[in-house]
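All values reported here derive from a predicted model rather than from experimental measurement.
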Amino acid sequence: MKKLTLLLTVLIQAAVLQAQDRGLGNPNSIYIEKGTFSAGINGAYRSFNAADGMSILGLISNTDGKLSLLSMDAHADWFFRDNLSLVATLGYSNTGVDSNTLKLTELLDMSNKHTRSEKYSGSIGVRKYIPLFNSKILAIFGEGRLGGSRGYSKTYAVTERGKEGSYTDLYSVSLGVIAGASVFVNDRLAVQISLPVAEIGYDWEKQTEAQVKESSLTGLTLSKKSNLLGIEIGTIFCF
């Protein structure tokens, strides 16, 4: 763990020197002081209920079903140096889809499909803030993050014999780099936006079908492109 923290710190410090060379101000000016703790929580919930053969965008027809999406995460930072912190994050997501009747462009029938998925995630990382133009209000940041997740998904159809489908255990680990910007709106509260820019990860899925047949799927991810779907906007409170 100490070697990983040291490596992430060195990489972020190299980015700090580049920011200084480009005239963005003195990166050693204080944005958040050593000894500060910060914490934040983000969450979202959406629920949709379609009935009586609802048509959506002319592509999905004869829709009767429900969709629910829940996601939330909490994070805490401890600044062991000025502008440099250890970050810990915990997350949870839950998705439910119940399709009683649904046809996609009249070609694909997705009726009688029910899906549930639940996932817990966590990460730890090192984050470096770089004040812009010696400001104590506005800064950019970079973070190296080691994370993992554990969850499940199940898909089934309701038949005369009861529920028939498959159950899948989900695992993943990843090492990534995140970049973002932070702005204080008062002395204690800051709004932040972040975007993953590079990631290497490994996923493993173990599936059981009809409570008998077992299969597995593994995957390796290596990405050096920004993932716009991973944009996060949230707030932190410093104390």
Side-chain angles (χ1 to χ4, degrees), residues 1-44 71-91 121-148 174-201 221-239:
M1 184 63 196
K2 290 182 179 180
K3 291 182 178 180
L4 175 62
T5 301
L6 179 60
L7 175 60
L8 295 176
T9 302
V10 170
L11 292 176
I12 294 173
Q13 190 63 37
V16 170
L17 295 177
Q18 288 294 322
Q20 187 174 22
D21 292 341
R22 293 186 175 275
L24 297 179
N26 179 11
N28 294 319
S29 61
I30 298 177
Y31 183 68
I32 300 179
E33 298 178 348
K34 174 183 177 180
T36 301
F37 287 89
S38 69
I41 186 169
N42 303 313
S71 64
M72 59 187 304
D73 65 80
H75 58 89
D77 301 55
W78 172 59
F79 286 80
F80 60 95
R81 290 177 56 185
D82 292 340
N83 302 332
L84 190 62
S85 70
L86 289 175
V87 186
T89 304
L90 294 175
S121 61
S123 69
I124 187 168
V126 178
R127 176 177 292 187
K128 174 67 178 184
Y129 288 86
I130 305 173
L132 293 180
F133 317 112
N134 303 325
S135 170
K136 299 190 70 172
I137 297 176
L138 178 64
I140 58 176
F141 62 82
E143 179 186 334
R145 177 183 296 179
L146 175 65
S174 64
L175 179 64
V177 177
I178 295 92
S182 173
V183 57
F184 273 96
V185 295
N186 59 36
D187 288 342
R188 297 294 180 184
L189 186 65
V191 177
Q192 298 187 339
I193 180 171
S194 62
L195 175 69
V197 295
E199 182 181 29
I200 180 171
T221 301
L222 179 59
S223 173
K224 200 180 178 182
K225 296 181 179 180
S226 298
N227 178 11
L228 297 180
L229 297 178
I231 291 178
E232 295 181 357
I233 300 176
T235 58
I236 64 168
F237 184 78
C238 300
F239 52 93

Please report, to 0.1 Å, the donor-acceptor pairs under 3.5 Å made by any side chain of residues 183-190, with sequence neighbours excluded.
| residue | atom | partner | partner atom | Å |
| --- | --- | --- | --- | --- |
| Asn186 | OD1 | Arg188 | N | 2.9 |
| Asn186 | OD1 | Leu189 | N | 2.7 |

For residues 191-200, please give each side-chain donor-acceptor pair under 3.5 Å, one per line with the distance, not counting sequence neighbours.
| residue | atom | partner | partner atom | Å |
| --- | --- | --- | --- | --- |
| Gln192 | OE1 | Arg127 | NH1 | 3.1 |
| Gln192 | NE2 | Tyr129 | OH | 2.7 |
| Gln192 | NE2 | Ser182 | OG | 3.3 |
| Glu199 | OE2 | Ser174 | OG | 3.4 |

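Expressed to the nearest 0.5 Å, how far CD1 of Ile140 lies from OH of Tyr31 amounts to 11.0 Å. In this structure, CZ on Phe237 lies 10.5 Å from OG on Ser38, to the nearest 0.5 angstrom. The line from NZ of Lys34 to CZ of Phe80 is 10.0 Å long, rounded to the nearest 0.5 Å. Distance CG/Asn42 to OG1/Thr235: 6.5 Å, rounded to 0.5 Å. If you take CG on Leu84 and CD1 on Ile130, they are separated by 11.0 Å, rounding to the nearest 0.5 Å.
Of all the heavy atoms in Pro131 and Ser135, the pair that sits closest is CB-O, 3.3 Å. Taking both residues in full, the closest heavy atoms of Asp82 and Lys128 are given as O-NZ, 3.8 Å, listed atom of the first, atom of the second, then distance. Scanning both residues, Thr36 and Cys238, for their nearest heavy atoms gives CG2-CB, 3.9 Å.
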Apply side-chain contact (heavy atoms from CB on, under 4.5 Å) to the pair Asp77 and Leu86, showing each step before the final yes or no. CA-CA 6 Å; Asp77 301 55; Leu86 289 175; over 6 Å; no
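Partners of Ser123 by side-chain contact (heavy atoms from CB on, under 4.5 Å), not counting sequence neighbours, listed by chain and number: Thr89, Arg145.
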